[in-house]
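Everything numeric here is computed off the predicted structure, so don't read it as measured data. Lettering of chains follows the sequences in order, A, B, ..., and the numbering in each one begins at 1. As a basis for the values below, the full set of heavy atoms in this structure was taken, side chains included, without hydrogen atoms, waters or symmetry mates.
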4 protein chains.
Amino acid sequence: MTVVEADSGGRLRADAERNRARVLDAAQVVFGRDGPSVGVDAIACEAGVGVGTVYRRFPTKQDLLRAVIERLGDQIVEEVAATATDAPPGERFDAVFSTLAVRYAGSRALVDAVNADEAGAEEIPVFRARVERALRPVVEAAQGAGAVRRDVRATDVIGLAGATSLLAPPHVTGDAGLWLRARSVVLDGLRPDAATPFPDDAGPAGPDAAR
Amino acid sequence: MTVVEADSGGRLRADAERNRARVLDAAQVVFGRDGPSVGVDAIACEAGVGVGTVYRRFPTKQDLLRAVIERLGDQIVEEVAATATDAPPGERFDAVFSTLAVRYAGSRALVDAVNADEAGAEEIPVFRARVERALRPVVEAAQGAGAVRRDVRATDVIGLAGATSLLAPPHVTGDAGLWLRARSVVLDGLRPDAATPFPDDAGPAGPDAAR
Amino acid sequence: MTVVEADSGGRLRADAERNRARVLDAAQVVFGRDGPSVGVDAIACEAGVGVGTVYRRFPTKQDLLRAVIERLGDQIVEEVAATATDAPPGERFDAVFSTLAVRYAGSRALVDAVNADEAGAEEIPVFRARVERALRPVVEAAQGAGAVRRDVRATDVIGLAGATSLLAPPHVTGDAGLWLRARSVVLDGLRPDAATPFPDDAGPAGPDAAR
Amino acid sequence: MTVVEADSGGRLRADAERNRARVLDAAQVVFGRDGPSVGVDAIACEAGVGVGTVYRRFPTKQDLLRAVIERLGDQIVEEVAATATDAPPGERFDAVFSTLAVRYAGSRALVDAVNADEAGAEEIPVFRARVERALRPVVEAAQGAGAVRRDVRATDVIGLAGATSLLAPPHVTGDAGLWLRARSVVLDGLRPDAATPFPDDAGPAGPDAAR
DNA sequence: CATGAATGAGGCTTCATTCAT
DNA sequence: GATGAATGAAGCCTCATTCAT
C-alpha cells in the first residue's frame with residue numbers, strides 16, 4: 001500500500017502539509033461563517049477532503065478550533081505589523097483598531113470561543129497575549145503622540161475592538177452604519193481630550209498591570 | 001363536573017405558573033451561562049423538574065429561548081424605567097447604559113442570538129423595538145441636556161451597550177476593571193465634546209431616524 | 001374530601017359508571033379512527049374527561065384497548081343477532097357478512113390488534129370465539145338452505161369478513177366500489193355451486209375442527 | 001487526489017452497497033413482522049449495524065419505509081413475471097394470486113401503510129400502479145381464457161390478494177388451513193360461472209377502467 | 001374522585017470520532 | 001496516507017403513567 005515510489009515520503013509529506021493548510025483554510029472560513037458548532041463534515045467538504053483527513057491532522061475538533069485561533073493570532077500580528085506603517089501614530093492606531101475589529105467580526109468562532117470557556121480555553125490567553133504584544137507599541141506610540149488617552153491599556157483596546165466587532169457585518173446585517181458609528185464613538189472615547197478619569201477601582205494602568 | 005371547591009383549578013394553575021416561572025428562571029440562568037446550545041436537560045435539572053415539564057410549558061426549545069428573550073425584554077424595560085429616575089439626564093443616561101450592559105452580560109444567549117439570527121429570529125426585532133422604545137426618551141433627554149452627542153441614535157447606544165457587555169462579568173472574570181474602563185471609554189465617546197462627526201455613509205441621525 | 005353527602009357513594013358510583021362508559025365510547029371512536037397508537041390524551045379529550053379519569057377506570061392503555069375489543073365483541077354479537085332476523089337464511093348470511101365487515105372496517109384498533117400480537121393478545125381468541133359462536137348458527141342455517149357451501153367453517157367466514165373489511169372505508173378511500181365488488185366476489189365464492197373442493201391439507205371442516 | 005488504486009472507490013461502494021442491502025433486508029423483515037411503528041434500533045440490530053449506518057443510507061425512517069415499499073414492488077413485479085410462466089392462463093392466475101398474497105402477508109408494514117396512508121404516502125400510488133401493471137396481463141389472459149370473470153379489474157384482484165394475506169402465515173399461525181380455504185373461496189368467487197353481477201354503484205369494469 | 005401537571009423512559013436523529021478499504 | 005462508511009453517545013421531543021391538588 002504505502003510502497004509506491006522511492007521519494008514517496010517526501011512527496012507525501014509535502015502533500016500532507018498542503019492538505020493541512022487546506023483544512024485550516026476551510027476551517028477558518030467555515031468556523032468564521034457558522035460558528036464553532038458547525039459540523040466537521042462541512043469543514044472537510046469545504047476543504048475538499050474527507051473527514052478522515054481532517055482528523056489525521058487535527059485529532060479533535062477542539063484542536064482544529066485551537067489551530068484556527070492560533071492562526072488568527074498569526075494573521076492579526078502580521079496584519080497589525082503591516083497596517084498603515086507609514087501613517088502618523090494616531091492614524092495608525094485608528095487603522096489598526098479597525099483591522100482588529102474586522103478580523104474579529106469575520107470570525108464568529110473566535111468571538112464565541114473567547115466568550116465561552118468551552119472552546120480553546122487554553123489558547124485564548126496565549127492569543128490575547130500575542131495580540132497584546134503586537135498592539136502595545138501601536139497604542140503607546142499613539143499615546144506618545146497625544147492621539148490616545150494615556151490611561152488605557154492595550155488589553156482595553158483589544159477588548160473594545162472585540163466588542164465593537166459584534167456590531168460589524170456579518171454579525172449585524174440590517175444596519176451597516178451601526179458598526180461605523182460605533183467605531184467612531186469608541187475611537188472618540190479613546191482620545192485624550194474626551195477622557196473622563198477612570199473610576200478608582202478600575203485603576204489607571206501601571207506599566208505592568210496587564211492581565 | 002363533580003362538586004369540588006371552586007378554586008381548585010386556580011390552585012393548580014398557581015402551581016403550574018410557579019413551575020413555569022421556575023423553568024423560565026432556570027432557562028435564563030443556563031442559557032445566559034452556557035448559550036443557546038445548552039441541553040434542555042440541563043435547564044430542567046437547574047429548574048428541579050423533569051424534561052417533560054419543560055416541554056409542557058414550552059413546546060419547543062426555541063419557544064423557551066423566545067420566552068427568555070421576551071422576559072429579558074420585560075426586565076430591561078422595567079429596570080430602565082426604574083433606574084436613576086431622579087438623577088439629572090446625563091447621569092441617568094450613564095446609569096441606564098450600565099444597567100443595559102450588565103443585563104446583556106448576564107445573558108449571553110441574547111448576545112449570541114440577537115447577533116446571529118439563529119435563535120428566536122422573530123422575537124429579536126420585537127425585543128429590539130421594545131428596548132429602543134424604553135431607551136429613546138433617556139437618550140433624548142440626555143441629548144437635550146447636552147450630555148450626549150446629538151447624532152447618535154438609541155439603537156447605537158443599545159448596540160454599544162450590548163457590545164460592551166462582552167467585557168462585563170460574568171464573561172470576563174480575570175480583570176474586573178476592563179469592563180469599567182471600557183464603559184468609561186464608550187461613555188466618553190458619547191459626549192458631545194468628544195464627537196468626531198460620523199463618516200458620511202454612516203449618516204447622522206435625524207430626529208426621527210430610528211431604524 | 002370524600003365526605004360530601006350521605007348518598008355520595010351511590011351517586012358517585014353512578015357517576016363513575018357513566019364516566020367509564022364515556023371513556024369507552026370515546027376510546028372506540030378514537031381507536032377506530034386513528035388506530036391503537038393514538039395517545040391516551042386524545043381519548044380523554046374525546047371523552048371530555050382528564051387522563052387521570054381514564055387511568056382510574058383502565059389501569060393501562062392496553063386494558064382500555066382490551067375493553068374496547070371486548071365491547072366490540074358485545075356489539076357484534078348483538079348486531080348479528082339482530083340482523084335480518086326475518087330474512088331467509090341465505091340472505092341473512094349475506095347481511096351478517098356485511099355487518100361483520102363493516103364493524104371491522106370501522107375499527108382499525110381491532111384490525112391492527114388482531115394482526116399484531118402486541119395488543120390485547122389474550123382478548124383476541126376470546127373475541128374470536130364469541131363471534132364464532134354468534135356466527136355459527138347463521139352459517140349453518142345458510143348451509144342447510146343450500147346458500148353456502150358446506151365445507152366452510154364459521155371461522156373461515158369471520159376471517160374473510162375481517163380480510164374484506166380492509167377494503168372498506170375508511171381504510172380504502174379512493175375507490176368505494178372496490179369494497180362492494182370484493183364483498184360480492186367473496187360471497188360468490190362462498191356459494192355451493194362455485195365451490196372447488198378445498199385442497200387436502202386445508203381439510204374439509206369436521207364438526208369439531210374449529211381452531 | 002493521491003495515487004491510489006483506481007477501484008478503491010468501487011470497493012468501498014461495494015461494501016456500502018452490501019450494507020445498504022443488509023439494512024433493507026432487515027427493515028423488510030422487521031417492518032413486515034412488527035409494523036411501521038417498530039423502532040429504528042430494532043432494524044439496526046437485526047441488520048447487525050449501528051443506528052448511524054441506517055441513517056447514513058436512509059435519512060429518515062420514512063425514507064427507509066418507502067424504500068422497503070419500493071423494493072417490495074420490485075420483488076412482486078419480478079415474482080409475478082416469473083410465476084408459472086408456462087402454465088395455462090387460469091392456473092397462472094391462481095398461482096400469481098397466491099404469490100401476491102404471500103408476499104403481502106410477509107409485509108404487514110405494507111398492508112398497514114398501504115391502507116392507512118400514514119406511511120410513505122407518496123410511494124403508495126406508485127407501488128399500486130406497478131403491481132397493477134404487472135398483474136393486468138395475467139388477469140386479462142385469464143379472463144380471455146374464460147378462467148376469471150370479466151367484470152373484475154386488476155385492482156380488485158390486488159385488493160383481494162392483499163385482504164386475503166391477512167389470513168396467511170406468518171400472521172395467522174394457529175390454523176394454516178384457514179388461509180388455504182380463504183384463498184380457495186376467493187378464487188372460486190372470481191370464476192365466471194360463480195359470478196353474481198356486481199351491484200350497480202360498484203360499476204362493472206370497462207376494458208380500460210383501470211383506476 | 002376528577003383533574004391535569006409532572007415524570008422519565010424511549011424514539012428519532014445528529015455528529016464527533018474511529019476504522020476498514 | 002486518504003477516504004468516507006460505521007459507530008454510538010447525546011440531543012430533542014413524545015407519551016404512558018403517576019401524583020399533588
**Message:** With a 4.5 Å cut-off on side-chain heavy atoms, are Glu46(B) and Arg33(B) touching?
**Reply:** yes

**Message:** From CG of Asp63(C) over to C1' of dT17(F), roughly how many Å is that when rounded to an integer?
**Reply:** 12 Å

**Complete:** In whole angstroms, the gap separating C1' of dC15(F) from OH of Tyr55(C) amounts to 8 Å

**Request:** Return the nucleotide paired to dA9(E): Watson-Crick means purine N1 to pyrimidine N3 with N6-O4 or O6-N4, wobble means G-U with N1-O2 and O6-N3, both under 3.5 Å.
**Result:** dT14(F)

**Request:** Identify, between Gly52(C) and Val54(D), the residue whose nearest nucleotide on DNA chain F lies closer to the 5' end.
**Result:** Val54(D)

**Atom-to-atom span, CZ of Phe58(D) to C1' of dC12(E) - whole angstrom** = 16 Å

**Item:** Short side-chain N/O contact to dT7(F) OP1/OP2 from Thr53(D), under 4.0 Å
**Value:** yes

**Request:** May I ask you to test the Asp25(C)-Arg71(C) pair for a side-chain heavy-atom distance under 4.5 Å?
**Result:** yes

**Fill in**
Per atom distances to the Thr60(A) side chain, the nearest of dA16(F), dT13(E), dT17(E) is dT17(E)

**Message:** Let's see if you can work this out: which of dG1(F), dA6(E), dT14(E) has an atom nearest to the side-chain heavy atoms of Arg57(B)?
**Reply:** dA6(E)

**Prompt:** When the distance from CZ of Arg18(D) to C1' of dT21(E) is rounded to whole Å, what number comes out?
**Reply:** 12 Å

**Request:** Find the distance Asp34(B):CG to dG11(F):C1' and express it as a whole number of Å.
**Result:** 15 Å

**Single hit among Val68(D), Leu64(D), Val40(D) for side chain to side chain contact (heavy atoms under 4.5 Å, CB included) with Phe58(D)** = Leu64(D)

**Request:** Answer with base, sugar-phosphate or nothing: what part of the nucleic acid does Gly39(D) contact at a heavy-atom distance below 4.0 Å?
**Result:** sugar-phosphate

**Request:** Determine which nucleotide pairs with dT21(E), using a 3.5 Å limit on both distances of a Watson-Crick or G-U wobble pair.
**Result:** dA2(F)

**Request:** Indicate, with a heavy-atom threshold strictly under 4.0 Å, whether Val23(C) touches base, sugar-phosphate, or nothing.
**Result:** nothing

**Asked** Nearest nucleotide by nearest heavy atom, which residue falls closer to the 5' end of DNA chain E, Asp41(D) or Gly50(B)?
**Response** Gly50(B)

**Prompt:** Are any of the side-chain heavy atoms of Arg22(A) and Arg18(A) separated by less than 4.5 Å?
**Reply:** yes

**Item:** Nucleotide nearest Ala16(B) (side chain, heavy atoms from C-beta), chosen from dA16(F), dC12(E), dA5(E)
**Value:** dA5(E)

**Prompt:** Under 4.0 Å between a side-chain N/O of Asn19(C) and OP1 or OP2 of dA2(E), yes or no?
**Reply:** yes

**Atom-pair distance (NZ on Lys61(D); P on dC12(E)), nearest Å** = 4 Å

**Fill in**
Note: Lys61(B) and Phe31(B) closest approach over all heavy atoms is CE-CE2, 4.2 Å

**Message:** Please classify the nucleic acid contact of Val49(D) as base, sugar-phosphate, or nothing, using heavy-atom distances under 4.0 Å.
**Reply:** sugar-phosphate

**Request:** Output yes when a side-chain donor or acceptor of Arg57(D) lies under 3.5 Å from a complementary backbone atom of Arg20(D), and no otherwise.
**Result:** no

**Asked** Atom CG of Leu64(A) to atom C1' of dT17(E): distance rounded to whole Å?
**Response** 14 Å

**Request:** Using only side-chain N and O atoms of Arg56(C), determine if any of them is under 4.0 Å from OP1 or OP2 of dA2(E).
**Result:** yes

**Request:** Measure the distance from CZ on Arg22(C) to P on dA2(E) and round it to the nearest whole Å.
**Result:** 11 Å

**Fill in**
Out of dG4(F), dA16(F), dA16(E), minimum distance to the side chain of Val51(A) belongs to dG4(F)

